[in-house]
Peer 1: 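Below you will find the structure I want to go over with you.
In what follows, every heavy atom counts, from backbone to side chain, and hydrogens, waters and symmetry copies are set aside. No experiment lies behind these values; they were computed from the predicted model shown.
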Amino acid sequence: MLNIIILSIIKIIDNILSTGKTILIQRNKAILAGISVIVSQVIFYKLIDAVADAESDLIMYIISIASGVGTYLAILIGNKFSKERLYVNILLSDDMDAMIELRNYLQEHKITNLTTDGYTKDFKKTLAITAYVETKEKSKLLDKYIDESNNKYKRIIQKV
């Protein structure tokens, strides 16, 4: 039983390294990605040997579950230590003055935005704003502005 627990922990570490490698490649960290591949491959082949020598398929299923757990943990770790994400906020309102105030607020707080002409359902001219929020702090500023506003906004958020 202790052997299965140890193999499971090793497989979790293997999957953290393997998934981490993908994240490192995406972030252009070639040396770290290469090192993680080397270590992961050694662990992988040792695990294959252990599973092949096992007298029961149970160890294969347990190691497979550990593999999923390792991937899950790698994503959690990656998100915890990753830089901020870009959130694209598409903001619409029928109130032209409210949109001008919002645009001024975004500019004042150095939140990158693209303001274009828009039209209401009744073809009354207004503005459409696409705000590119790059930090949690700026995202909170935008959330607070919208929450405290007396104006009604349509907001669509996309993670990039």
Peer 1: Would you call Asn113 and Ile111 a side-chain contact if the rule is heavy atoms closer than 4.5 Å?
Peer 2: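 Heavy-atom side-chain distance check fails, nothing below 4.5 Å.
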Peer 1: Over all heavy atoms of both residues, which pair between Lys138 and His109 is shortest? Give the atoms and the distance, please.
Peer 2: CE-O, 3.8 Å
Peer 1: Could you give the distance from CD1 (Ile59) to CD1 (Ile63), rounded to the nearest 0.5 Å?
Peer 2: 5.0 Å
Peer 1: How about Arg103 and Met99: do any of their side-chain heavy atoms sit closer than 4.5 Å?
Peer 2: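 No, too far: nothing below the 4.5 Å cut-off.
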Peer 1: Excluding sequence neighbours, so at least two apart, what forms salt bridge (Lys or Arg N to Asp or Glu O under 4.0 Å) with Asp49?
Peer 2: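 So Asp49 forms no salt bridge (Lys or Arg N to Asp or Glu O under 4.0 Å) with any residue.
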Peer 1: Is there side-chain contact between Asn151 and Leu102, with at least one heavy-atom pair below 4.5 Å?
Peer 2: no
Peer 1: Just jot down the side-chain contact (heavy atoms from CB on, under 4.5 Å) partners of Lys144, sequence neighbours excluded, or say none.
Peer 2: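 side-chain contact (heavy atoms from CB on, under 4.5 Å) check on Lys144 returns Glu148.
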Peer 1: Run the numbers on Leu142 and Leu91 for side-chain contact (heavy atoms from CB on, under 4.5 Å), then give the verdict.
Peer 2: CA-CA 11 Å; Leu142 182 55; Leu91 301 151; 4.3 Å; yes
Peer 1: In chain order, what residues pass the salt bridge (Lys or Arg N to Asp or Glu O under 4.0 Å) check against Lys154, with sequence neighbours excluded?
Peer 2: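 Salt bridge (Lys or Arg N to Asp or Glu O under 4.0 Å) list for Lys154, sorted by chain: empty.
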Peer 1: Residues two or more places apart in sequence or in another chain: which of them pass side-chain contact (heavy atoms from CB on, under 4.5 Å) with Ala33?
Peer 2: Lys21, Leu24, Ile25
Peer 1: Give a yes or no on whether Ile156 atom CD1 has more than 12 heavy-atom contacts from other residues, nucleotides or ligands under 6.0 Å away.
Peer 2: yes
Peer 1: Near Asn28 CG, under 6.0 Å, is it more than 12 heavy atoms from other residues, nucleotides or ligands?
Peer 2: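 No, not enclosed.
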Peer 1: Name all pairs fulfilling the ring pair (Phe, Tyr, Trp, His ring centres under 6.0 Å) condition that reach into residues 117-142, sequence neighbours left out, sorted by first residue then second.
Peer 2: none
Peer 1: Using 0.5 Å steps for rounding, measure from the CE atom of Met96 to the OG1 atom of Thr120.
Peer 2: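 One finds 10.0 Å between CE of Met96 and OG1 of Thr120.
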Peer 1: In the structure I gave you, are the side-chain heavy atoms of Asp143 and Arg155 within less than 4.5 Å of one another anywhere?
Peer 2: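 Yes - at least one pair of side-chain heavy atoms lies under 4.5 Å apart.
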Peer 1: Identify the heavy atoms of Ala74 and Ile23 that sit nearest to each other, and give their distance.
Peer 2: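 Distance-wise, the nearest heavy atoms are O-CD1, 4.2 Å.
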Peer 1: Are the side chain of Ser93 and the backbone N or O of Tyr153 linked by a donor-acceptor pair below 3.5 Å?
Peer 2: no
Peer 1: Considering residues, nucleotides and ligands other than Tyr145, do more than 12 of their heavy atoms fall under 6.0 Å from its OH?
Peer 2: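 More than 12 within 6.0 Å, yes.
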Peer 1: Please round to the nearest 0.5 Å and tell me the distance separating atom CD1 of Ile31 and atom NZ of Lys29.
Peer 2: 10.5 Å
Peer 1: Side chains of residues 11-20: which donor-acceptor pairs under 3.5 Å do they make with residues two or more places apart or in other chains?
Peer 2:
residue	atom	partner	partner atom	Å
Lys11	NZ	Asp14	OD2	2.8
Lys11	NZ	Asn15	OD1	3.1
Asp14	OD1	Ser40	OG	2.5
Asn15	OD1	Ser67	OG	3.1
Asn15	ND2	Ser67	O	2.9
Asn15	ND2	Ser67	OG	3.0
Asn15	ND2	Thr71	OG1	2.7
Thr19	OG1	Asn15	O	3.0

Peer 1: Is there a side-chain contact between Asn89 and Ile129 (heavy atoms, below 4.5 Å)?
Peer 2: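 No. Closest side-chain heavy atoms not under 4.5 Å.
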